[in-house]
Amino acid sequence: GAGVSQSPSNKVTEKGKDVELRCDPISGHTALYWYRQSLGQGLEFLIYFQGNSAPDKSGLPSDRFSAERTGGSVSTLTIQRTQQEDSAVYLCASSLTGTDNEQFFGPGTRLTVL
Amino acid sequence: DAKTTQPPSMDCAEGRAANLPCNHSTISGNEYVYWYRQIHSQGPQYIIHGLKNNETNEMASLIITEDRKSSTLILPHATLRDTAVYYCIVRVPWSDSWGKLQFGAGTQVVVTP
């Protein structure tokens, strides 16, 4: 079946612009996660959704970052007023439930802020 | 959650077993050991997990020492496609932080012909 998909695969933006990154989880998966991977920081957790609610937002680095999930499916990660340090690969993952052992990752969105 | 320590890199010959160590000396009794890997330009992929017994699946085996302070992931017959960064992670099930995978630096494994 289809895996986790993310769009766009690449995004180049100018400093100060807002960007939206989209994640389509595996159908039927109730839990959804966002991570980011940058050269300096490795893989970092950002936020976790169970259904449409986010019980853990502890990894969001600043109030410029926000995420929502609607209909228990698609999620959007929004970065406002992008900075160069936001450049990274943003990865989305999903799991059948919030207590599942395995998270299935998408291919990521590579964000470059000029 | 407890932290893990892994060697930064290791090489392995194709067809041989790859033994990847992980130290988690401060692991608590209810923390599980998980392994994920990340092939270049792809998202991480789950491999295996365990609490205290040895585990085996179609991808790998996980050996956890009796005191649970360390573990070894074994890839029984490494192939070139096993070249990846391997992450050892400890997690507390059904906790507030359960959804959060905390990745360290991992071990870069290079399988050579």
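Proteins come first, then strands; the chains are lettered A, B, ... in the order of their sequence lines, and each starts at number 1. Here the structure is a predicted model, which is why all the values come from computation and not from measurement.
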A.B. asks: May I ask you to name which of A:Gln6, A:Gln37, A:Glu44, A:Arg110 has the most heavy-atom pairs under 4.5 Å with chain B?
C.D. replies: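 Winner by heavy-atom pair count: A:Gln37.
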
A.B. asks: State, to 0.1 Å, how close A:Glu102 and B:Tyr46 come at their nearest heavy-atom pair, and which atoms those are.
C.D. replies: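 Closest heavy-atom pair between A:Glu102 and B:Tyr46: CG-CB, 3.3 Å.
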
A.B. asks: Check whether B:Ile48 and B:Val90 end up in the same hydrophobic cluster, where Ile, Leu, Val, Met, Phe, Trp and Tyr are linked by side-chain heavy atoms less than 4.5 Å apart.
C.D. replies: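 In one cluster with B:Ile48: B:Val90, yes.
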
A.B. asks: On a heavy-atom basis, which atom in A:Leu91 and which in B:Gly43 lie closest, and how many Å separate them?
C.D. replies: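 Scanning both residues, the minimum pair turns out to be CD2-CA, 3.9 Å.
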
A.B. asks: Sort A:Ser58 into side chain, backbone, both or neither according to what part of it lies under 4.5 angstrom from a heavy atom of chain B.
C.D. replies: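 The side chain, not the backbone.
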
A.B. asks: Taking a hydrophobic cluster as the set of Ile, Leu, Val, Met, Phe, Trp and Tyr residues connected by side-chain heavy atoms closer than 4.5 Å, whether directly or through intermediates, do B:Leu20 and B:Leu80 fall within one such cluster?
C.D. replies: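 Same cluster: B:Leu20 reaches B:Leu80 through Ile, Leu, Val, Met, Phe, Trp or Tyr contacts under 4.5 Å.
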
A.B. asks: When hydrophobic residues are tied together by side-chain contacts of less than 4.5 Å, even through go-betweens, does A:Val89 share a cluster with A:Leu77?
C.D. replies: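 No; A:Leu77 is not reachable from A:Val89 via cluster members.
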
A.B. asks: Please tell me whether A:Trp34 and A:Val4 are part of a single hydrophobic cluster in this structure, the criterion being side-chain heavy atoms less than 4.5 Å apart.
C.D. replies: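 As far as the 4.5 Å side-chain criterion goes, A:Val4 and A:Trp34 are not connected within one cluster.
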
A.B. asks: What do you reckon, is CZ of B:Arg16 surrounded by more than 12 foreign heavy atoms closer than 6.0 Å?
C.D. replies: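 Atom CZ in B:Arg16 is not crowded, with 12 or fewer foreign heavy atoms closer than 6.0 Å.
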
A.B. asks: Give me the atom names and distance for the closest heavy-atom approach of B:Lys100 to A:Phe45.
C.D. replies: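 Between these two residues, the closest heavy atoms are CG-CG, 3.4 Å.
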
A.B. asks: Donor-acceptor pair, A:Tyr35 side chain versus B:Phe103 backbone, under 3.5 Å?
C.D. replies: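 No, A:Tyr35 side chain to B:Phe103 backbone: no donor-acceptor pair under 3.5 Å.
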
A.B. asks: Are B:Leu62 and B:Met59 linked, directly or through other ILVMFWY residues, by side chains that come within less than 4.5 angstrom of each other?
C.D. replies: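 Linked, B:Leu62 and B:Met59 end up in one cluster.
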
A.B. asks: Is A:Leu43 close to chain B through its backbone or its side chain, or both, or neither, when contacts mean heavy atoms under 4.5 Å?
C.D. replies: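 Both parts, backbone and side chain.
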
